[in-house]
Number of protein chains: 2
Amino acid sequence: MKRTKIKAVLDMANPPGEVFVQGWVRTKRDAKDFSFIELNDGSCLANIQVIAGNDLAKYRKVEKLTTGSAASVTGQLVASPGKGQKWEIQATAVDVISIASENYPLQKKRHTDEFLRSIAHLRPRTNKYGAAFRIRSRMAQAIHAFYLDKGFYYLHSPLITGSDCEGAGEMFRVTGLDPADVQKQGRMDFSRDFFGQEANLTVSGQLSAEMFALALGDVYTFSPTFRAENSNTRRHAAEFWMLEPEMAFCDLDGDMDHAEELVKYLVRHAMDHCREDLDLFMRFVDKNLGPQLETLVSKPFARLPYTDAVEILKKCGRTFEYPVEYGIDLQSEHERFLAEEHFKTPVFLTDYPRQIKPFYMRMNDDGQTVAAMDLLVPGIGELIGGSQREERLSVLEARMDEIGLDKDPYWWYLDSRRFGTVPHAGFGMGFERFLMMLTGISNIRDVIAFPRTPGSIDF
Amino acid sequence: MKRTKIKAVLDMANPPGEVFVQGWVRTKRDAKDFSFIELNDGSCLANIQVIAGNDLAKYRKVEKLTTGSAASVTGQLVASPGKGQKWEIQATAVDVISIASENYPLQKKRHTDEFLRSIAHLRPRTNKYGAAFRIRSRMAQAIHAFYLDKGFYYLHSPLITGSDCEGAGEMFRVTGLDPADVQKQGRMDFSRDFFGQEANLTVSGQLSAEMFALALGDVYTFSPTFRAENSNTRRHAAEFWMLEPEMAFCDLDGDMDHAEELVKYLVRHAMDHCREDLDLFMRFVDKNLGPQLETLVSKPFARLPYTDAVEILKKCGRTFEYPVEYGIDLQSEHERFLAEEHFKTPVFLTDYPRQIKPFYMRMNDDGQTVAAMDLLVPGIGELIGGSQREERLSVLEARMDEIGLDKDPYWWYLDSRRFGTVPHAGFGMGFERFLMMLTGISNIRDVIAFPRTPGSIDF
């Protein structure tokens with residue numbers, strides 16, 4: 001008999017009679033003549049309850065099933081008298097696939113997030129992390145569906161790179177040099193290395209995406225990016241996923257319109273398609289999550305220039321750890337105040353002083369600010385950072401000179417401004433930050449399957 | 001007026017009257033009273049023809065448009081008298097966005113693939129590479145649609161890893177060590193490095209995927225993988241994308257069924273949704289491509305044990321560069337003979353000698369072969385490599401001991417065989433190899449946006 005996934009079984013409108021399921025035992029309770037087995041196969045949060053009578057052929061073995069063990073069950077799907085579940089299975093056969101040894105770490109009790117991080121290979125078997133990673137999956141798939149529908153092309157930008165997009169940021173080096181050889185030479189001789197020069201792990205696919213936007217129109221990258229920042233915070237990981245759309249013939253307003261549409265689409269998609277998993281976070285992780293997400297999808301995002309935001313912060317009467325004045329890079333405390341308390345919605349800040357933004361952002365007519373936008377959201381701070389790009393060759397070159405950036409390695413990037421340059425814009429959205437906003441999970445380590453942070457590379 | 005993409009314009013059933021398009025000039029021909037502009041915006045292969053009369057307000061500027069320049073066009077969409085195009089635009093306004101300087105490398109003539117590789121930032125603007133990267137995009141999006149529909153969860157497995165999945169393969173090292181510091185120390189002291197130990201770029205997400213399959217049921221990874229192999233062939237790149245599904249409660253037959261369904265789905269999807277782009281490859285790149293793809297989607301793939309394949313190769317009367325005998329790792333020439341000449345369809349070889357396969361493959365009852373499968377396809381050789389995994393703890397440990405693999409770093413992997421182990425299977429498909437098969441492109445560098453090969457990391 002063909003196996004049916006438990007999600008499909010629980011979704012059935014009418015019982016088909018007999019079903020065959022396979023999964024793992026979450027709990028087992030023994031009554032006098034029966035065992036009640038809660039079976040889960042990971043396809044959804046809910047378990048299916050299996051009633052195994054002691055008249056079953058292999059009941060002796062069924063009795064041995066421990067939490068975490070695996071079994072196959074055949075039986076009649078019938079209406080369940082228990083509350084909170086529509087169907088249960090009256091087993092006609094239970095086959096034990098494997099018995100989990102008794103030191104299985106996930107016994108039925110609450111575990112701390114810290115402990116579960118130490119068994120990242122097992123934590124997706126818990127309700128919370130199963131839900132988190134199913135939501136993560138669905139949101140990634142929804143991103144592709146969104147862009148397919150809009151006619152955007154998906155670009156696989158290279159992760160190993162010779163250039164540094166931001167002209168900043170600590171990067172990991174990638175090398176094929178043999179450590180024994182390095183020791184013999186007494187140094188890392190990159191001219192003998194795989195690429196014949198220094199190579200790094202990328203911090204952004206943007207520059208590649210610009211090249212493709214100027215060929216294919218609308219494109220996006222969605223892939224891992226890396227930071228070698230030695231900071232052990234709840235918001236930083238060395239390896240994380242970033243979505244970066246890039247649109248030809250697009251200005252800053254179009255960029256913000258697109259970002260707002262994207263974020264609302266994803267949240268609404270989660271509400272529609274991840275209801276059960278999302279409910280877990282609304283009930284047990286963050287009581288404010290539901291209303292917050294409702295606000296997010298229903299109200300327009302605020303938009304205002306950086307300069308106005310600075311005025312609001314200076315006049316708000318709040319004492320911040322980092323004092324606010326024009327020209328500073330806003331801190332998380334400032335960003336969250338604006339989104340959470342002042343506007344009570346996500347807010348786009350625009351037109352930042354050029355000194356605190358990268359070279360590729362388009363200079364505004366005032367000669368002081370650039371056509372940048374950051375999207376600040378409640379609970380997170382900056383979710384998205386983007387800009388209209390500087391498409392004017394002479395302005396771009398002057399800006400690179402101003403900050404002392406060597407133009408030679410960027411010959412290809414500058415080419416795009418020589419040949420058919422057009423206004424274009426894009427942004428980057430940290431996928432983990434989005435997931436943290438969506439689930440209320442407060443530590444980035446808990447939305448990444450196997451997180452990479454300083455000193456941490458088990459699994 | 002809102003911009004319409006040229007693809008949408010060309011797809012229109014009825015002309016809406018006025019349209020507004022933006023794009024790049026592929027060619028311009030000047031007649032006495034008109035200019036004919038072929039405008040392309042990357043949304044599709046075809047250009048839209050624009051008729052710009054010399055009575056236009058800015059005709060002086062229009063006359064200056066060179067190949068590669070960018071322009072905005074407003075005009076009436078009317079039936080085209082020319083053949084091969086349904087609509088053309090009678091311009092009422094043409095605005096020059098930018099003029100490409102005259103040394104634009106993509107003048108109207110044929111360029112070699114070698115030359116175009118040297119301008120990888122511009123080649124997506126050509127017909128061939130535009131088509132290739134639109135197909136690549138669509139196939140990646142189709143992979144996600146396929147798995148969403150099947151209820152598989154998308155796992156983002158880590159790229160920076162402390163372990164080596166295959167127990168083989170040359171890996172890139174990832175380090176946060178400062179080269180100046182390395183020189184001072186005279187060596188790479190990994191205990192002082194970012195992760196406190198050696199770290200590498202992954203060659204496979206499989207081991208992570210197994211952990212998640214044993215939690216969520218059916219999962220897949222689709223992300224970059226890396227090989228530091230110093231080989232300059234048409235088939236190898238240092239960075240490439242791999243699709244790796246992993247299925248709980250699945251055996252080798254289920255694994256092959258799934259692989260066959262996937263490959264056929266993707267090819268059929270390309271035929272349905274990338275027709276125009278695919279036609280370019282069928283007409284100009286490989287005349288056999290059309291019939292070959294038709295065969296692929298319509299005929300069942302062959303399946304036979306490695307042992308039988310060896311017999312076929314020994315008896316076929318062909319002299320191979322590498323002689324065939326039981327126990328050898330088949331070479332591309334052998335694989336292609338089987339797929340192209342003997343079976344004339346894709347063929348799964350199964351049950352390889354354990355000595356030539358990795359430790360995690362499930363031992364067959366004969367104690368000699370493992371439940372492996374490779375899918376060999378015409379023109380490419382190995383497209384997919386997979387197996388049922390060894391789910392029995394004692395057999396797995398014995399195998400690791402046999403090949404001298406230290407079990408300690410795999411404590412978490414072995415945990416999955418201690419707690420709720422079940423039969424499971426999966427495979428890896430090189431995404432670039434698939435694209436080469438689909439398009440007839442014979443060099444892997446030409447299906448990757450910015451390829452990474454020895455000595456090559458421009459852009």
Side-chain angles (χ1 to χ4, degrees), chain A residues 22 24 41-43 68-70 97-98 100-101 104 121 124-125 134 137 140-141 144 148 151 153-156 158-160 162 172-176 179 182-183 186-188 194-196 199 208 211-212 215-217 224 228 239 241 249 412 418-422 449-450 452 454-455 457 459, chain B residues 22 24 41-43 68-70 97-98 100-101 104 121 124-125 134 137 140-141 144 148 151 153-156 158-160 162 172-176 179 182-183 186-188 194-196 199 208 211-212 215-217 224 228 239 241 249 412 418-422 449-450 452 454-455 457 459:
Chain A
Q22 296 185 291
W24 294 274
D41 67 2
S43 62
S69 299
I97 301 174
S98 71
S101 74
Y104 183 53
H121 60 306
R125 304 180 182 192
R134 279 188 297 268
S137 165
Q141 291 168 328
H144 291 295
L148 174 58
Y153 294 107
Y154 181 24
L155 166 67
H156 288 149
L159 299 202
I160 303 179
F172 285 105
R173 202 156 278 111
V174 175
T175 174
V182 169
Q183 195 158 355
R187 65 189 184 103
M188 299 177 80
F194 190 91
F195 296 108
S208 305
M211 298 307 100
F212 270 66
L216 304 184
E239 176 177 341
W241 278 65
F249 310 106
W412 51 275
R418 286 184 191 106
F419 309 122
T421 188
V422 303
F450 297 100
R452 301 305 186 222
I457 193 172
F459 315 108
Chain B
Q22 296 184 293
W24 293 274
D41 68 1
S43 62
S69 298
I97 302 174
S98 70
S101 75
Y104 183 53
H121 59 306
R125 303 179 183 193
R134 279 188 298 269
S137 166
Q141 291 169 328
H144 291 295
L148 174 57
Y153 294 107
Y154 181 23
L155 166 67
H156 288 149
L159 300 203
I160 304 179
F172 285 105
R173 202 156 279 109
V174 175
T175 173
V182 169
Q183 194 158 356
R187 65 190 185 102
M188 299 177 80
F194 190 90
F195 296 109
S208 303
M211 298 306 100
F212 270 66
L216 303 184
E239 176 177 340
W241 279 64
F249 310 107
W412 51 276
R418 285 183 192 106
F419 308 123
T421 188
V422 303
F450 297 100
R452 300 306 186 220
I457 193 173
F459 314 108

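Chain naming here is simple, since letters A, B, ... match the order of the sequence lines and numbering starts at 1 in each.
Only the side chain of A:Trp241 has a heavy atom closer than 4.5 Å to any heavy atom of chain B. Only the side chain of B:Leu155 comes within less than 4.5 Å of a heavy atom in chain A; its backbone stays farther off. Heavy-atom distances place both the backbone and the side chain of A:Pro454 under 4.5 Å from chain B.
Per-residue heavy-atom pair counts under 4.5 Å with chain B were compared for A:Arg418, A:Met188, A:Arg187, A:Gln22, and the maximum is reached by A:Gln22. Residue with the most contacts toward chain B among A:Ala70, A:Pro124, A:Gly196: A:Pro124 (heavy-atom pairs, distance under 4.5 Å). Note: B:His156 leads B:His144, B:His156, B:Arg125 in heavy-atom pairs under 4.5 Å with chain A. Ranking B:Ser101, B:Ser69, B:Gly176, B:Ala199 against chain A, the residue ahead of the rest is B:Ser101, based on heavy-atom pairs under 4.5 Å. Your options are A:Asp41, A:Val422, A:Ile97, A:Thr175, and the one with the most heavy-atom pairs under 4.5 Å with chain B is A:Thr175. Top candidate by heavy-atom pairs under 4.5 Å with chain A, chosen from B:Ala449, B:Gly151, B:Gly217, is B:Ala449. Comparing A:Val182, A:Val174, A:Leu148 by how many heavy-atom pairs each has under 4.5 Å with chain B, the most go to A:Leu148.
The two residues A:Tyr154 and B:Ala140 make their nearest non-hydrogen contact at CD2-CB, 3.5 Å. Of all heavy-atom pairs between A:Arg452 and B:Phe195, the closest is CB-CE2, 3.9 Å. In terms of heavy-atom proximity, B:Leu159 sits nearest to A:Pro224 at CD1-CG, 3.6 Å.
Side-chain atoms of A:Trp24 come within 3.5 Å of backbone N or O of B:Gly420 as a donor-acceptor pair.
Residues A:Glu239 and B:Pro158 are in side-chain contact: their nearest non-hydrogen atoms beyond the backbone lie under 4.5 Å apart. At least one side-chain heavy atom of B:Phe450 sits less than 4.5 Å from a side-chain heavy atom of A:Met211.
Considering only residues two or more places apart in sequence or on other chains, B:Phe194 meets the ring-ring contact (aromatic ring centres under 6.0 Å, His included) condition with A:Phe172. Taking the ring-ring contact (aromatic ring centres under 6.0 Å, His included) definition, one finds that A:Phe419 meets it with B:Tyr104, sequence neighbours left out.
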